Trainee: 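Once you've had a glance at the structure underneath, I'll fire off some questions.
Computed from a predicted model, the values in this text were never measured in an experiment. Ligands are counted one by one from 1 in listed order, and the atoms in each one are counted from 1 as well.
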Amino acid sequence: MSVTLPVALDPVRPAEPVRIMNHAAITGWGSYSPSRVLTNQDLAQLVDTNDEWIRTRTGIAERRVAGAGESTSTMGVIAARRALEQAQLAPRDVDLVLCATTTPDYLLPATACLIQQQIGCTRAGAMDINAACSGFVYGIAIASQFIQGGAARRVLLVTSETLTRFVNWQDRNTCVLFGDGAGAVVVEATPQRTGVLSVALGCRGDVERMLVIEAGGSAVPASAETVAKKAHTMRMRGNEVFKMAVRNMTATAQEALAKAGLKLDDICAVIPHQANLRILTATQEALNLPAEKMFVNVDRFGNTGAASISLALGEYLQMRPARVGDHFLLVAFGGGLTWGACVLRWADVAAIVQERAQKLSA
Ligand code: UT7
């Protein structure tokens, strides 16, 4: 019996020689923020709030809001192209596309699949990760494991959120906090003893519903009633989440440092999830970290969920280019409830790019 095989869309490339390269380093990074700025004064027109409350309780002055034609995938595509360009990597040489998001374009298909198609990563598998605001750290954990286990050489990790589409603009407890944006990194195999040195992940299933979007899934399917109740938007018991965030970000950062065999003095910058300046200050104090080592940009972007660490990392690197051997500690807490941290040792990126160019052109 003869079987008709589907036409291959992209010719299979001959396999590169197998060689165990156990380290996974960031070789490209890029970000995108929508141009529309929403200030605290703008929000005071919508709900009973004011600039002073928002600044003193959250540290946020303004946030970005996606435009009418923008979505999680369109922002993710721009950030991903910038990361690939920075890494001088062709889309067809990516093995896996990951998208960490809580606000996918659709329930199906996954946003990573849309990004994979639009960028032209024709040889790559693709899947989404939902670890809410911890998405970047979870994504780094998955990307580095694919690389360290030998299943992938180059992973494109995109983090993108359109949280303002899931906000109840009548709820002052939440609508002042969130913003939109995207960041992406290329994580790549290298024989250098650099890249992801350690990862610590944690979770406590949110059965108490501290931070939820209740409707639109299989438990509470969409209906006229759920729409009327705004049950497709975020609800949060902020004060409880706040305390858990400080406790768990501190503990998970210490765990990742211990696993890497490093001390805080060895770290040149901590790049945390940007939820609230008070959470960052409390965590910094609990860690006994000098304030100048904690990178903060929540004032200009608000809480951008899974995208916040990659946006912050991109901004940090633009201001202070990393040197080979610099150590970074990334730490996050978010819905789920999830948390995690990882320690990175900055690689000699130019050497990785050069070695790759020689290998791929051979
Ligand atoms: O990304 C990870 C997940 N999210 C987070 O990590 C966020 C964690 N939580 C927080 O950042 C903070 O809890 C909030 C910023 C959300 C709230 O700050 P808070 O200091 O915990 O305030 P609260 O919820 O205890 O509320 C204090 C008061 C309340 O009024 P009463 O009951 O004392 O009269 C609120 O109704 O502040 C009131 N309030 C506001 N007032 C003016 C709440 N939101 C606002 C607002 N403007 N936007």
Trainee: Hey, which of Leu98, Asp95, Leu96 is the one that makes side-chain contact (heavy atoms from CB on, under 4.5 Å) with Phe146?
Mentor: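 Among Leu98, Asp95, Leu96, the one meeting side-chain contact (heavy atoms from CB on, under 4.5 Å) with Phe146 is Leu96.
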Trainee: Do Ile140 and Ile26 pass the side-chain contact (heavy atoms from CB on, under 4.5 Å) test, and can you show the C-alpha distance, the side-chain angles, and the key distance before you say yes or no?
Mentor: CA-CA 9 Å; Ile140 287 284; Ile26 291 179; 4.3 Å; yes
Trainee: Among protein heavy atoms, which lies nearest atom 18 (O) of ligand 1, and at what distance?
Mentor: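 The answer is Arg278 NH1, 3.8 Å.
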Trainee: Is it the case that more than 12 heavy atoms not belonging to Arg237 sit under 6.0 Å from its CZ atom?
Mentor: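 Above 12, so yes.
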Trainee: Please report the C-alpha distance between Thr58 and Leu177 in whole Å, then the side-chain angles of each, then the deciding distance to 0.1 Å, and finally whether the side-chain contact (heavy atoms from CB on, under 4.5 Å) criterion is met.
Mentor: CA-CA 8 Å; Thr58 72; Leu177 303 173; 3.6 Å; yes
Trainee: Closest non-hydrogen protein atom to atom 43 (C) of ligand 1, residue and atom name please, with distance?
Mentor: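 Looking at atom 43 (C) of ligand 1, the protein heavy atom closest to it is Asn173 OD1, 3.2 Å.
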Trainee: When you measure from atom 33 (O) of ligand 1 to the protein, is at least one non-hydrogen atom found at a distance under 4.0 Å?
Mentor: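 It does not: no protein heavy atom is found less than 4.0 Å away from atom 33 (O) of ligand 1.
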Trainee: Within 4.0 Å of atom 11 (O) of ligand 1 (strictly less), any protein heavy atom?
Mentor: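 At least one protein heavy atom is under 4.0 Å away.
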Trainee: Who's the nearest protein heavy-atom neighbour of atom 1 (O) of ligand 1, and how far?
Mentor: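 The closest one turns out to be Asn303 ND2, 2.7 Å.
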Trainee: Provide, to 0.1 Å, the distance between atom 2 (C) of ligand 1 and the closest protein heavy atom, together with that atom's residue and name.
Mentor: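 Looking only at protein heavy atoms, the one closest to atom 2 (C) of ligand 1 is Phe333 O, 3.5 Å.
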Trainee: For atom 16 (C) of ligand 1, state which one of Val298, Val241, Leu177 supplies the nearest heavy atom.
Mentor: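 When every heavy atom of Val298, Val241, Leu177 is considered, Leu177 comes closest to atom 16 (C) of ligand 1.
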Trainee: Under 4.0 Å from atom 28 (C) of ligand 1, do we find at least one protein heavy atom?
Mentor: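 Looking at atom 28 (C) of ligand 1, one finds that no protein heavy atom lies closer than 4.0 Å.
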Trainee: Among Ala245, Cys175, Gly336, Gly238, which residue places a heavy atom closest to atom 9 (N) of ligand 1?
Mentor: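 Shortest heavy-atom distance from atom 9 (N) of ligand 1: Gly238.
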Trainee: Pull out every atom of ligand 1 sitting under 4.0 Å from any heavy atom of His273, numbered as shown with elements.
Mentor: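 So the atoms of ligand 1 that pass are 1 (O), 2 (C).
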Trainee: Record the part of Val176 in heavy-atom contact with ligand 1 below 4.0 Å; permitted values are side chain, backbone, both and neither.
Mentor: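 The side chain, only.
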Trainee: Taking the six-membered ring for Trp, are Tyr316 and Phe328 closer than 6.0 Å centroid to centroid?
Mentor: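 Centroid distance Tyr316-Phe328: below 6.0 Å, so yes.
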Trainee: Any idea which atoms of ligand 1 are less than 4.0 Å away from a heavy-atom of Cys133?
Mentor: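 The atoms of ligand 1 under 4.0 Å from a heavy atom of Cys133 are 1 (O), 2 (C).
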Trainee: With heavy atoms of Thr49 as the reference, note each atom of ligand 1 found under 4.0 Å away.
Mentor: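 Close to Thr49: 42 (C), 46 (C), 47 (N), 48 (N).
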Trainee: Would the distance check show the side chain of Thr101 and the main-chain N or O of Glu161 forming a donor-acceptor pair, the cut-off being under 3.5 Å?
Mentor: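 Not a single qualifying donor-acceptor pair exists.
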Trainee: Return the residue, atom name and 0.1 Å-rounded distance of the protein heavy atom closest to atom 30 (O) of ligand 1.
Mentor: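 The answer is Arg172 NH2, 4.2 Å.
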Trainee: May I ask you to decide whether Glu62 forms a salt bridge with Arg300, counting only side-chain N to carboxylate O separations under 4.0 Å?
Mentor: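 Arg300 and Glu62: not salt-bridged.
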Trainee: Of the options Thr72, Thr164, Thr162, which is the one that meets Asp180 in a side chain to side chain donor-acceptor pair (under 3.5 Å)?
Mentor: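 With Asp180 as partner, Thr72, Thr164, Thr162 yield a single side chain to side chain donor-acceptor pair (under 3.5 Å), made by Thr164.
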Trainee: In terms of atom number and element, which parts of ligand 1 are under 4.0 angstrom from non-hydrogen atoms of Leu211?
Mentor: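 By the 4.0 Å cutoff, the relevant atoms are 3 (C).
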Trainee: Which is it for Ile279 and ligand 1 at heavy atoms under 4.0 Å: side chain, backbone, both or neither?
Mentor: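 Side chain only; the backbone of Ile279 stays clear of ligand 1.
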Trainee: Regarding His273 and Ser308, do their side chains bring together a donor and an acceptor under 3.5 Å, going by distance alone?
Mentor: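 Distance-only check passes for His273 and Ser308.
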Trainee: Under 3.5 Å between any N/O of Arg57 and any N/O of ligand 1: does that happen in this structure?
Mentor: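 Min N/O separation from ligand 1 is below 3.5 Å for Arg57.
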Trainee: Using the rule given for salt bridge (Lys or Arg N to Asp or Glu O under 4.0 Å), can you reason through Asp326 versus Arg323, listing the C-alpha separation, both sets of side-chain angles and the distance that settles it, and then say yes or no?
Mentor: CA-CA 6 Å; Asp326 277 354; Arg323 291 158 307 177; 3.3 Å; yes
Trainee: Is any N or O atom of Asn50, backbone or side chain, closer than 3.5 Å to an N or O atom of ligand 1?
Mentor: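 No - when backbone and side-chain N and O of Asn50 are compared with those of ligand 1, no distance drops under 3.5 Å.
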Trainee: Spell out, as yes or no, whether a donor-acceptor pair under 3.5 Å connects the side chain of Gln274 to the backbone of Pro272.
Mentor: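 Answer holds: yes.
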Trainee: Does atom 47 (N) of ligand 1 have a protein non-hydrogen atom under 4.0 Å from it?
Mentor: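 It does: a protein heavy atom is found less than 4.0 Å away from atom 47 (N) of ligand 1.
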Trainee: What's the shortest distance from atom 17 (C) of ligand 1 to any protein heavy atom, and which residue and atom give it?
Mentor: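 Checking every protein heavy atom, the shortest distance to atom 17 (C) of ligand 1 gives Trp53 CH2, 4.0 Å.
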Trainee: Yes or no on side chain to side chain donor-acceptor pair (under 3.5 Å) for Glu315 and Asn297, after CA distance, side-chain angles and deciding distance?
Mentor: CA-CA 9 Å; Glu315 221 183 26; Asn297 69 0; 3.0 Å; yes
Trainee: Any non-hydrogen atom of Arg237 lying under 4.0 Å from ligand 1?
Mentor: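 The answer is no, since Arg237 has no heavy atom less than 4.0 Å from ligand 1.
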Trainee: Using side-chain contact (heavy atoms from CB on, under 4.5 Å), reason through Asn50 and Asn40 one step at a time and then give a plain yes or no.
Mentor: CA-CA 7 Å; Asn50 56 71; Asn40 293 345; over 6 Å; no
Trainee: What is the closest protein heavy atom to atom 14 (C) of ligand 1, and at what distance does it sit?
Mentor: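 Looking at atom 14 (C) of ligand 1, the protein heavy atom closest to it is Asn276 ND2, 4.4 Å.
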Trainee: Residue-level breakdown please: for Thr58 versus ligand 1, do any non-hydrogen atoms fall below 4.0 Å on the side chain, on the backbone, on both, or on neither?
Mentor: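 Thr58 to ligand 1: side-chain contact only, backbone stays beyond 4.0 Å.
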Trainee: Any idea which part of Thr174 is under 4.0 Å from ligand 1, heavy-atom wise: side chain, backbone, both or neither?
Mentor: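 No part of Thr174 is near ligand 1 at this cut-off.
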Trainee: Is there a donor-acceptor pair under 3.5 Å between the side chain of Thr250 and the backbone N or O of Val246?
Mentor: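 Judged by distance alone, yes, a pair lies under 3.5 Å.
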Trainee: So which heavy atom in the protein is nearest atom 25 (O) of ligand 1, and how far is it from that ligand atom?
Mentor: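 Going atom by atom, the protein heavy atom closest to atom 25 (O) of ligand 1 ends up being Asn239 ND2, 3.1 Å.
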Trainee: Above 12 or not: heavy atoms from other molecules or residues under 6.0 Å from CD of Glu240?
Mentor: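 More than 12 heavy atoms, drawn from other residues, nucleotides or ligands, come within 6.0 Å of this atom.
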Trainee: Any nitrogen or oxygen of Met236, main chain or side chain, under 3.5 Å from a nitrogen or oxygen of ligand 1?
Mentor: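 Between Met236 and ligand 1 (N or O atoms, distance only) the closest approach is not under 3.5 Å.
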